[in-house]
Protein chains: 2
Amino acid sequence: MTTYAKPSQQSSGHNHSECVSEALITAEHLCFERGVQLTPIRHKVLELIWESHKAVKAYELLDRLKPLQQAAKPATIYRALDFLIEQGLIHRVESLNAFVGCHCSGHQHEQLLLICKHCQEVEERSAKEVMLALSDEIKQAGFIVHSKAIEIHGVCSTCQKMPGVPGDRE
Amino acid sequence: MTTYAKPSQQSSGHNHSECVSEALITAEHLCFERGVQLTPIRHKVLELIWESHKAVKAYELLDRLKPLQQAAKPATIYRALDFLIEQGLIHRVESLNAFVGCHCSGHQHEQLLLICKHCQEVEERSAKEVMLALSDEIKQAGFIVHSKAIEIHGVCSTCQKMPGVPGDRE
DNA sequence: AGATTAATGTTATAATATAACATTAATCCG
DNA sequence: CGGATTAATGTTATATTATAACATTAATCT
């Protein structure tokens, strides 16, 4: 990375740069294995997405990409996002029209997303029991699944502890 | 209703005009009880949404409202939609940026939505077991819920039976 | 090396949604 | 009732999100 990382919020109390480099290494590895190209642009976009655990908008990514990539236009970002989603490297957060890095790259990609309206961070959970019950329900309905979006909005445990952040609507 | 209803698909083999009138009567009743105004515009928009069980786009509603409401502009539709969502009379389908009538108006509003990519119809299911597992998962995460969007895309049982509609990606 | 496919550049525009302020209608309450 | 207040709608403008279409450049194949 050529720019200095902002001291992005350590809200979840983890070592974020480790978190990011792990995600990037995994992505590089997966793409290599699959014989698909994690081109410089795609890599940069993935890096930008991983700057935080917040859901980030396409045009926000575009603004952040432009200094690094003169020619960047909406299509540049949307193409990179399409690729990253196809490869299971990021999630599209449907209810926000935004994007967030995926921890569980490559494996089962459909996760429960807990989206905090205070800090905007998104927590992924594989939610095994939920997924089982869901499969069952869908089977009962005789429905064939292509994709799932399970998005919960509310206040995360960290933000609940902050002063002035009640759990109920603000 | 002043326009003639299109012979909208009877795909689920139900009596749709009964289905619609029930939804409208329920809506009128609920709004009266709650002391909120189901104004003519809001009523018309609800009616338009209920013309089918398909998820319908805001601007499509706008086009369909215009002949009945000269002054209709985007704000007209979005305001009506906001009202109808607030009152739990319709669902916003996040993953489609579209809207669909809600059968279970007034009670627990968060439902599982099964969205068919062939016929675009949306089936609501209360999915008790799923919701229980979900509450449990969310509790474990220490998250406070404000709203849920659970949207499954795929092929409904009716469309699976149609020739040329395989369950897998087309 | 030439053909083919993949990725990116570039321009334009479509589709979705909201802001802000003006006007009209409904409701409240003295 | 009648003026004040709130709710709903009208109206203009613009912000935000996303894609289409075609040109160019780079990578891969044989």
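All values below come from the heavy atoms of this structure, side chains included, with hydrogens, waters and symmetry mates left out. Convention: sequence-line order gives letters A, B, ...; per-chain numbering from 1.
- Counting to the nearest Å, the C1' atom of C/dA6 and the CG atom of A/L38 are 15 Å from each other.
- The closest donor-acceptor contact from the side chain of A/R42 to the backbone of A/Q37 lies under 3.5 Å.
- With rounding to whole Å, B/I77 atom CD1 is found 13 Å from C/dT16 atom P.
- Note on A/K128 versus B/E137: no salt bridge recorded, every NZ/NE/NH1/NH2 to OD/OE distance being 4.0 Å or above.
- Base pairing of C/dG9: its partner is D/dC22, meeting the Watson-Crick or G-U wobble criterion (both donor-acceptor distances under 3.5 Å).
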- Message: Does B/H91 form a ring pair (Phe, Tyr, Trp, His ring centres under 6.0 Å) with B/H103? I'd like the steps, not just the answer.
- Response: CA-CA 10 Å; B/H91 292 287; B/H103 279 99; 9.1 Å; no
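- Among the nucleotides D/dA27, D/dT17, D/dT9, the one closest to the side chain of B/I41 is D/dT9.
- Among the nucleotides D/dA27, C/dA17, D/dA20, the one closest to the side chain of B/R92 is C/dA17.
- Other residues, nucleotides and ligands place no more than 12 heavy atoms under 6.0 Å from the CD atom of B/E22.
- Each of B/F99 and A/A75 was matched to the nucleotide of DNA chain C holding its nearest heavy atom; the match closer to the 5' end belongs to A/A75.
- Counting only distance, with no hydrogens or angles, the side chain of A/R64 and the backbone of A/V45 share no donor-acceptor pair below 3.5 Å.
- With distances taken from any side-chain atom of B/T39 to the nucleotides D/dA8, D/dA18, C/dT8, the minimum falls on D/dA8.
- Ranking D/dA18, C/dT10, D/dG10 by closeness to the B/T76 side chain, first place goes to D/dG10.
- Between the base of D/dA20 and the side chain of A/Y78 there is no donor-acceptor pair shorter than 3.5 Å.
- Ring-base stacking between A/Y59 and D/dT16 is not satisfied when judged by a centre separation under 5.5 Å and a plane angle under 30°.
- The side chain of A/P74 approaches D/dT19 more closely than any other nucleotide in the set D/dT9, D/dA27, D/dT19.
- In this structure, B/L62 places its CG atom 12 Å from C1' of C/dA15, rounding to the nearest Å.
- Among the heavy atoms of the strands lying under 4.0 Å from A/R42 are primed sugar atoms or P, OP1, OP2 only; no base atom is included.
- In this entry the distance linking CG of B/D82 with P of C/dA17 reads 10 Å, nearest Å.
- Regarding A/L81, its CG atom lies at a distance of 10 Å from the P atom of D/dT19, rounded to whole Å.
- What separates CD of B/E60 from P of C/dA14 is a distance of 18 Å, to the nearest Å.
- Contact annotation: B/K73 side-chain N/O to D/dT9 OP1/OP2 distance is not under 4.0 Å.
- Atom-to-atom, CG of B/L96 to P of D/dA18 comes out at 13 Å; the value is rounded to the nearest Å.
- Atom CG in A/D63 sits about 12 Å away from atom C1' in D/dT16, given to the nearest Å.
- Backbone-only engagement by B/Q69 is indicated by non-hydrogen atom pairs under 4.0 Å involving sugar-phosphate atoms exclusively.
- Which of D/dA7, D/dT17, D/dC22 sits closest to the side chain of A/R79 comes down to D/dC22.
- Side chain of A/E121 to main chain of A/C116: no donor-acceptor pair is present (N/O by atom type, distance under 3.5 Å, no hydrogens or angles).
- Within the structure, a side-chain polar atom (N or O) of A/K57 is placed less than 4.0 Å from OP1 or OP2 of D/dT17.
- At the phosphate of D/dA18, OP1 or OP2 sits under 4.0 Å from a side-chain N or O atom of A/N97.
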